[in-house]
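A short worksheet on the structure shown next.
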Amino acid sequence: MNDSSGGEDGNNASVARFYDQLAADYHLIYDHWDGSTERQGRALDTVIRSVLGQQPATVLDCACGIGTQAVGLALRGHRVTGTDISTRPYDQIRRSRPVSTTPQLHGSGAGRTVTFQLWDWSEDGERYDLEHFQLIPSGDEAGDGAGDDWRVEVRRTTYRALTERQLAALVTDAGFDGPAWRQPEDSGFFQPLLTARRHAAP
């Protein structure tokens with residue numbers, strides 16, 4: 001889970017401001033939005049209906065990020081509310097404490113954009129400072145046909161690396177019952193899923 005509650009620390013923006021700054025270029029990170037939305041919505045729909053039955057459900061996507069999964073579920077008839085920014089599989093990540101992500105390419109030929117991150121971990125492993133780099137082709141601004149210049153965008157923030165146990169405890173504290181983790185090999189979704197049900201009305 002990302003730490004969106006605090007202010008800015010040194011050169012690092014709050015997570016909310018970080019994503020506000022990134023919004024204009026976010027579409028340059030991933031390809032195939034529609035296909036990804038359909039695929040992820042289908043996997044999550046299968047999980048939900050296996051637990052709650054075949055009728056559409058009321059779903060709170062409490063780490064909806066850009067809304068790919070929330071939109072995918074809504075397209076399958078569920079009533080979805082999305083909030084918060086995102087989560088990662090931090091149990092595994094905190095053990096290895098990687099210092100960077102694999103570069104991602106968007107587009108092709110001279111129009112390719114390169115995105116990657118650098119991570120600087122705190123000593124306790126619960127937080128890391130993130131630098132988000134995008135190398136964006138600036139086109140043929142000189143008019144000479146070369147088109148080989150790049151615009152570099154760097155955005156910074158701090159993330160909290162919460163474990164599955166920590167997240168489950170937060171869900172329980174928020175008033176949900178039966179938090180359960182489903183791993184990708186069981187759910188068909190590409191990341192671990194935390195599911196829980198709202199307390200029944202008295």
key: Pairs involving residues 49-65, ordered by first then second residue, that meet salt bridge (charged side-chain N to carboxylate O under 4.0 Å, His left out) (sequence neighbours left out)   =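 Pairs touching residues 49-65 that pass the test: Asp45-Arg49.
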Under the side-chain hydrogen bond (donor to acceptor under 3.5 Å, both in side chains) rule, collect the residues that match up with [X], sequence neighbours excluded.
X: Ser36; result: Gln40
X: Glu38; result: Arg42, Arg76
X: Thr113; result: none

Carboxylate-amine/guanidinium contact Arg127 Asp120, below 4.0 Å = no
request  = For Thr58 and Arg79, test the side chains for any donor-to-acceptor distance below 3.5 angstrom and give the result as yes or no.
outcome  =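 Result is yes, a qualifying pair exists.
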request  = Would you please say whether a donor-acceptor pair under 3.5 Å links the side chains of Trp181 and Gln183?
outcome  = no
Would you call [X] and [Y] a side-chain contact if the rule is heavy atoms closer than 4.5 Å?
X: Asp129; Y: Arg156; result: no
X: Val154; Y: His132; result: no
X: Leu162; Y: Thr87; result: no
X: Arg151; Y: Asp25; result: yes
X: Trp119; Y: Gln117; result: yes
X: Thr172; Y: Pro179; result: yes
X: Trp33; Y: Val71; result: no
X: Thr195; Y: Val51; result: no

task = Tell me, please, which residues at least two apart from Asp91 pass side chain to side chain contact (heavy atoms under 4.5 Å, CB included).
result = Arg95, Thr163, Glu164
query = Which residues pass the side chain to side chain contact (heavy atoms under 4.5 Å, CB included) test with Pro103, sequence neighbours left out?
reply =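 For Pro103, the residues satisfying side chain to side chain contact (heavy atoms under 4.5 Å, CB included) (neighbours in sequence not counted) are Val114, Phe116.
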Co-membership, hydrophobic cluster, residues [X] and [Y], 4.5 Å side-chain:
X: Leu44; Y: Leu194; value: no
X: Val47; Y: Phe190; value: yes
X: Leu118; Y: Leu135; value: yes
X: Leu193; Y: Phe176; value: no

inquiry  = A quick test of your reading: do over 12 heavy atoms of other residues, nucleotides or ligands sit less than 6.0 Å from CZ of Arg97?
reply    =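 Count over threshold, so yes.
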request  = Mind checking the CZ-OH spacing from Arg160 to Tyr128? Nearest 0.5 Å is all I need.
outcome  = 12.5 Å
Gap between atom CG of Leu22 and atom CZ of Arg155 - 0.5 Å precision =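 Answer for the CZ-CG pair, Arg155 versus Leu22, is 5.0 Å.
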request  = Mind telling me whether Tyr159 and Phe18 have parallel, tilted or perpendicular rings, with 30° and 60° as the class edges?
outcome  =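 Phe18 and Tyr159: perpendicular rings.
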